[in-house]
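Single-structure report; data block below.
Below, read A as the first sequence line, B as the second, and so on, with proteins coming before strands; counting in each chain starts at 1. Every heavy atom of this structure was used, including side-chain atoms; hydrogens, water molecules and symmetry mates were not.
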Number of protein chains: 2
Amino acid sequence: MNLCTCIQAESGGMPAVSPRTQPERNGLVPIDESPFIGETPQNSLQTWLTPNPHFYVRNHFSTPADIPSSWNLVIDGHVDQTLDLSLEDLRCLPKQTLPITMECAGNNRSDLQPKVPGNPFQSGAVSTAIWGGVPLSCVLERAGIREGAKEVLFEGLDSGEPEPGHQEMTYLRSLPTEVATHPQTLLAIEMNGETLSVEHGYPVRLIVPGWYGMASVKWLRRICVLEESYSGFFQTDRYIIENEDGTVDPVAQIKVKSLISWPNQGESLESTSYNVTGLAWSGFAHIASVEVSDDGGETWGDAELVGPRHRFAWQQWNFSWTPSRKGHNTLICRAVDEDGNVQPMETAWNRLGYIINGVKPVCVNVA
Amino acid sequence: MNLCTCIQAESGGMPAVSPRTQPERNGLVPIDESPFIGETPQNSLQTWLTPNPHFYVRNHFSTPADIPSSWNLVIDGHVDQTLDLSLEDLRCLPKQTLPITMECAGNNRSDLQPKVPGNPFQSGAVSTAIWGGVPLSCVLERAGIREGAKEVLFEGLDSGEPEPGHQEMTYLRSLPTEVATHPQTLLAIEMNGETLSVEHGYPVRLIVPGWYGMASVKWLRRICVLEESYSGFFQTDRYIIENEDGTVDPVAQIKVKSLISWPNQGESLESTSYNVTGLAWSGFAHIASVEVSDDGGETWGDAELVGPRHRFAWQQWNFSWTPSRKGHNTLICRAVDEDGNVQPMETAWNRLGYIINGVKPVCVNVA
């Protein structure tokens with residue numbers, strides 16, 4: 001846990017409030033302009049469902065200028081039959097609807113010490129929507145995956161130089177076949193009951209429940225079944241954790257994490273008891289419990305889990321809090337999932353700044 | 001079941017398509033203008049979550065022109081302590097979030113034969129949103145319901161003449177105490193992650209899960225605990241079923257019902273197999289099964305239940321259909337809930353036109 005900000009603030013009175021003062025663009029807090037990247041504002045982290053205009057946007061290249069009217073989704077590679085599906089074809093396949101929390105692998109990157117390069121996300125690169133579409137498995141079944149298939153590669157319509165000087169490329173990511181054929185992996189065409197917007201991947205976005213957002217490829221144009229493992233910039237050069245022993249792990253499923261939605265950092269409170277609210281999530285299992293502490297983790301109290309309970313969506317919680325002292329108070333929360341994964345007190349620092357799931361304090365002033 | 005329209009249409013070729021051709025206002029199909037009443041368009045019945053601009057609106061009086069800045073919610077009557085709560089007070093109480101399907105008691109009234117007066121709703125006076133707020137039970141606990149309480153009366157800020165010549169009144173409805181104190185009865189302040197709009201009851205709307213919409217009083221101003229049963233225009237003169245034996249039953253919980261979302265009435269189909277989609281709901285229990293028939297109910301096939309499964313929200317379903325004949329086909333569906341309630345083939349006709357839950361055919365033409 002990084003308590004630096006709070007400790008510094010304590011000596012000088014109230015904690016420093018985030019310096020971000022730019023106006024929201026499209027309802028989002030801007031992180032970058034070219035391509036546009038924006039995070040969910042703090043207020044929208046107080047609700048279970050993230051309204052579409054407040055759902056975080058993380059682009060790797062510019063949004064495709066035109067979706068060709070001839071757009072079709074191609075399924076090819078190691079399959080019995082190449083498919084070429086229109087949006088109308090997809091609408092005729094069995095429908096599925098799922099509430100899914102998506103988190104960017106770099107969410108909370110600005111909390112890392114020492115600082116790392118990359119988009120300086122605060123806590124808002126995480127959002128929840130109800131996605132509607134066709135299970136990818138239905139489409140892959142129709143194509144017929146041949147024996148020996150190892151991975152499925154997904155290609156978006158977006159392209160560019162991933163970094164200055166790099167060769168131009170399209171956005172490409174692969175999944176192990178067993179993840180691609182999981183019955184809840186979706187070809188999404190709807191988001192919160194509305195047709196998917198271009199910003200969020202129209203006409204079709206892959207949605208991989210429980211995985212960090214980089215797996216959920218937008219503007220899908222091609223799905224290719226492979227007999228070997230795919231290597232590429234967004235698969236093996238980025239979205240990896242470099243371990244201290246020199247080994248490398250891919251960024252994959254979302255690790256257990258929680259946040260305090262209310263009170264906000266730096267808030268002045270005036271009454272004697274409060275309902276602290278928050279969210280907790282894990283890509284591995286349902287949330288089993290959330291605990292809250294106001295004494296740096298010496299003692300913990302159980303939060304009450306409330307609201308919708310879904311395997312791949314975050315869990316709301318309430319905690320009734322009566323401060324035992326006036327002035328500066330620091331609240332922390334930590335979550336445990338039903339597989340026994342415990343949110344760590346400290347994030348495992350890594351050079352590229354991914355999976356920042358350590359406990360994050362919120363400092364308030366009680367009058 | 002009323003197959004009249006289909007049978008007439010069959011002899012003359014394609015069935016008549018609904019005559020409603022007005023443009024949508026605010027995304028809704030208008031039913032009345034003063035006060036505004038609008039239903040959800042057919043397209044939005046193809047999604048599980050109804051986007052806020054497509055959530056049906058049923059007003060009894062004009063929308064209150066101003067919500068006074070001094071607005072407080074008063075809780076009084078047979079309680080230990082009268083409360084006077086601001087919106088800020090409510091935000092500090094424990095939070096709950098629930099997906100709830102709301103249906104107007106007069107939904108599908110235009111299907112009744114013989115015709116009845118009242119708003120001529122087609123199939124769109126039903127919608128689903130994720131409501132966020134404070135359990136009413138939390139507020140009633142703080143007020144302290146005294147022994148002998150029988151009902152809880154809810155008053156909105158809206159008022160007018162309910163019918164020409166009637167005395168002016170506010171909108172008033174009561175609930176039995178055990179329904180008011182049910183842990184899932186909400187004082188809603190959010191709808192689909194957004195602050196409740198004035199159209200939908202800002203600042204606070206009562207949400208009674210599983211009950212027809214007239215119970216979910218908008219623009220709440222007062223909650224009064226009663227020792228006796230309340231009588232009033234919207235309680236005992238309307239929203240009642242007049243039985244043939246002269247007795248009267250109040251309209252209360254939503255009766256089991258289902259609809260076909262796709263194909264639309266009158267659609268021309270061109271391929272050989274289809275995914276028929278729909279929704280089913282009941283205020284009494286989870287949906288247990290949905291069956292589909294293309295031969296007037298002689299034989300039935302089981303639909304697959306998909307998507308989110310919540311006690312008080314509708315259930316999506318898919319049905320794989322291969323027409324056995326070309327030309328005119330009529331599809332029907334019927335739902336059963338987990339309490340064993342079966343959707344009836346025919347609606348029980350009643351003079352005021354409520355609870356129209358009989359099986360409703362959809363006619364299509366297969367090329």
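Judged as a salt bridge (charged side-chain N to carboxylate O under 4.0 Å, His left out), not a single pair has a partner in residues 41-52 of chain B (not counting sequence neighbours).
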All donor-acceptor atom pairs under 3.5 Å, backbone and side chain, chain A-chain B:
residue : atom : partner : partner atom : Å
A:Q46   : O    : B:K95   : NZ           : 2.3
A:L93   : O    : B:N275  : ND2          : 3.3
A:K95   : N    : B:N318  : OD1          : 3.4
A:K95   : O    : B:N318  : ND2          : 2.8
A:K95   : NZ   : B:Q46   : O            : 2.3
A:Q96   : OE1  : B:G307  : N            : 2.8
A:T97   : OG1  : B:Q316  : OE1          : 2.6
A:T97   : OG1  : B:Q316  : NE2          : 3.1
A:N275  : ND2  : B:L93   : O            : 3.3
A:G307  : N    : B:Q96   : OE1          : 2.8
A:H310  : NE2  : B:H310  : NE2          : 2.8
A:Q316  : OE1  : B:T97   : OG1          : 2.6
A:Q316  : NE2  : B:T97   : OG1          : 3.1
A:N318  : OD1  : B:K95   : N            : 3.4
A:N318  : ND2  : B:K95   : O            : 2.9

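At a 4.5 Å heavy-atom cutoff, the contact between B:I130 and chain A is made by side-chain atoms alone.
Chain B forms more heavy-atom pairs under 4.5 Å with one residue of A:G307, A:P99, A:P94, A:G132 than with any other, namely A:P94.
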